[in-house]
Amino acid sequence: MINEAYNFPRIEIDLQKIEENVRKIVELCDYHGIRIAAVTKLVCGHPELAAILANSGIEMLADARIENIKRYVSLDTPKMMLRLPMASQVDQVIELCDVSLVSDFEMMRLLSESALKRQTVHKVIIMIDLGDLREGIYYEKDIQVTVDQARELPGIQLIGIGTNLSCYGGVMPTQEALEKLVALKERLNTAYDLDMKVVSGGNSGTLSLLINEGTLPKGINHLRLGASVLMGIGLNDEPINSLKQNTFRLVCEVIEVKKKPSVPVGEIGLDAFGNKPVFEDKGEITRCICAIGKQDICPSDLIPCDKGIEILGASSDHLILDVTQCEMNYHIGDAIAFDLTYGGCLSLMTSEYVQKYILPIDD
Ligand SMILES: *Cc1c(COP(=O)(O)O)cnc(C)c1O
């Protein structure tokens with residue numbers, strides 16, 4: 001049932017499902033001795049959601065953007081900076097976060113300096129690139145030099161190493177890759193007389209490995225989890241069994257319904273985004289326009305809940321649907337709902353024009 005009493009367009013957030021997901025994940029990870037950083041970037045650091053996550057048995061909250069972390073500074077839960085800090089934001093990172101992921105001595109030097117100014121010690125986890133070619137130190141020799149230099153910095157504490165997989169290069173988290181990481185931590189601790197404890201084994205893709213194979217290498221004791229907690233998805237955005245999906249839904253409002261041809265009439269130039277549009281001639285169809293557009297979401301990230309709907313496309317502010325096959329007769333003012341991909345959810349959460357609506361929890 002669509003609740004008509006709120007603004008359109010809105011993204012409806014099913015907190016009950018998210019709470020269920022986080023409860024299950026915490027239970028499983030506890031059992032395997034894994035601590036969780038709950039990642040809030042998908043919801044842009046939404047303060048109510050962050051508060052719920054903070055109270056669900058996770059160890060820390062994490063985000064890639066300082067602006068998002070600012071939205072929940074008032075929570076006592078430790079906070080982790082997920083993206084390599086920007087040199088221009090080092091002071092803010094020291095002020096607002098307890099832990100950072102880093103990959104460079106120069107950044108650690110800046111963090112240390114800023115931490116000393118504030119008379120604090122900042123924790124860092126050194127990122128190792130195991131082949132996905134996003135952030136992280138790549139060569140073992142570079143890792144050793146960096147660790148050797150970093151341990152002399154008085155304003156930071158090296159608490160562990162970590163990696164990120166299946167994000168950019170699509171490299172899969174495997175038992176083998178993660179075993180390398182665990183072994184590397186041991187080697188570094190021995191070689192440089194350190195006591196690093198954390199091995200942060202990745203994101204929701206790594207959780208898929210734990211759930212599907214039932215195990216991770218012993219020694220992986222930390223994961224940074226966003227998509228799995230918030231949307232029940234893991235590796236390749238595939239649903240994780242035992243978790244709830246469809247935790248977010250877009251509801252938008254119909255502003256026009258008319259029978260029209262399926263192919264534009266007149267000479268075809270470029271569309272609003274500089275592309276030459278292509279059309280399939282299906283004769284006359286019932287076209288429906290909703291008040292949302294590419295400024296808020298890419299139409300390919302929308303999955304109609306009414307299976308009769310076909311998405312034809314969108315311009316900046318208009319979403320155009322073929323509703324010819326629908327059983328329901330749509331009218332101006334009706335609400336239409338869509339399930340979302342990860343990217344779709346992210347862009348709707350980012351759009352100022354979309355109301356963020358937490359569904360009331362029914363008991
Ligand atoms: C986004 C991100 C995560 C969380 O990824 P999910 O797939 O949402 O679980 C973990 N680590 C880093 C460094 C990230 O940028």
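Numbering of ligands and ligand atoms starts at 1, following listing order. Hydrogens, waters and symmetry mates play no part in the numbers below; they use all other heavy atoms, side chains included.
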N/O contact list for ligand 1, threshold under 3.5 Å:
unit_1: ligand 1; atom_1: 8 (O); unit_2: Ala227; atom_2: N; d: 2.8
unit_1: ligand 1; atom_1: 9 (O); unit_2: Ser204; atom_2: N; d: 3.0
unit_1: ligand 1; atom_1: 9 (O); unit_2: Ser204; atom_2: OG; d: 2.5
unit_1: ligand 1; atom_1: 9 (O); unit_2: Gly226; atom_2: N; d: 2.8
unit_1: ligand 1; atom_1: 9 (O); unit_2: Ala227; atom_2: N; d: 3.4
unit_1: ligand 1; atom_1: 11 (N); unit_2: Asn164; atom_2: OD1; d: 3.4
unit_1: ligand 1; atom_1: 11 (N); unit_2: Arg224; atom_2: NE; d: 2.9
unit_1: ligand 1; atom_1: 11 (N); unit_2: Arg224; atom_2: NH2; d: 3.4
unit_1: ligand 1; atom_1: 15 (O); unit_2: Lys41; atom_2: NZ; d: 2.7
unit_1: ligand 1; atom_1: 15 (O); unit_2: Arg134; atom_2: NH2; d: 3.1

Are Lys259 and Glu284 ion-paired here, with the side-chain N under 4.0 Å from a carboxylate O?
no
Which pairs would a plain distance check flag for residues 83-99, meaning a side-chain donor or acceptor within less than 3.5 Å of a matching protein atom at least two apart in sequence or in another chain?
unit_1: Asp91; atom_1: OD1; unit_2: Ser114; atom_2: OG; d: 2.6
unit_1: Gln92; atom_1: OE1; unit_2: Lys70; atom_2: NZ; d: 2.8
unit_1: Asp98; atom_1: OD1; unit_2: Lys79; atom_2: N; d: 2.8

Exercise answer: donor-acceptor pairs, residues 304-311 side-chain atoms, under 3.5 Å, sequence neighbours excluded:
unit_1: Asp306; atom_1: OD1; unit_2: Gly308; atom_2: N; d: 2.8
unit_1: Asp306; atom_1: OD2; unit_2: Tyr330; atom_2: OH; d: 2.6
unit_1: Lys307; atom_1: NZ; unit_2: Pro304; atom_2: O; d: 2.9
unit_1: Glu310; atom_1: OE1; unit_2: Lys282; atom_2: NZ; d: 2.8

Between Asp296 and Lys294, is there a side-chain N and carboxylate O pair less than 4.0 Å apart?
no
If I take atom CD1 from residue Ile161 and atom CG from residue Leu101, how far apart are they, to the nearest 0.5 angstrom?
12.0 Å
Under 3.5 Å, side-chain donor or acceptor atoms of residues 173-180 against the rest of the protein: list the pairs with distances, not counting sequence neighbours.
unit_1: Thr174; atom_1: OG1; unit_2: Ala177; atom_2: N; d: 3.1

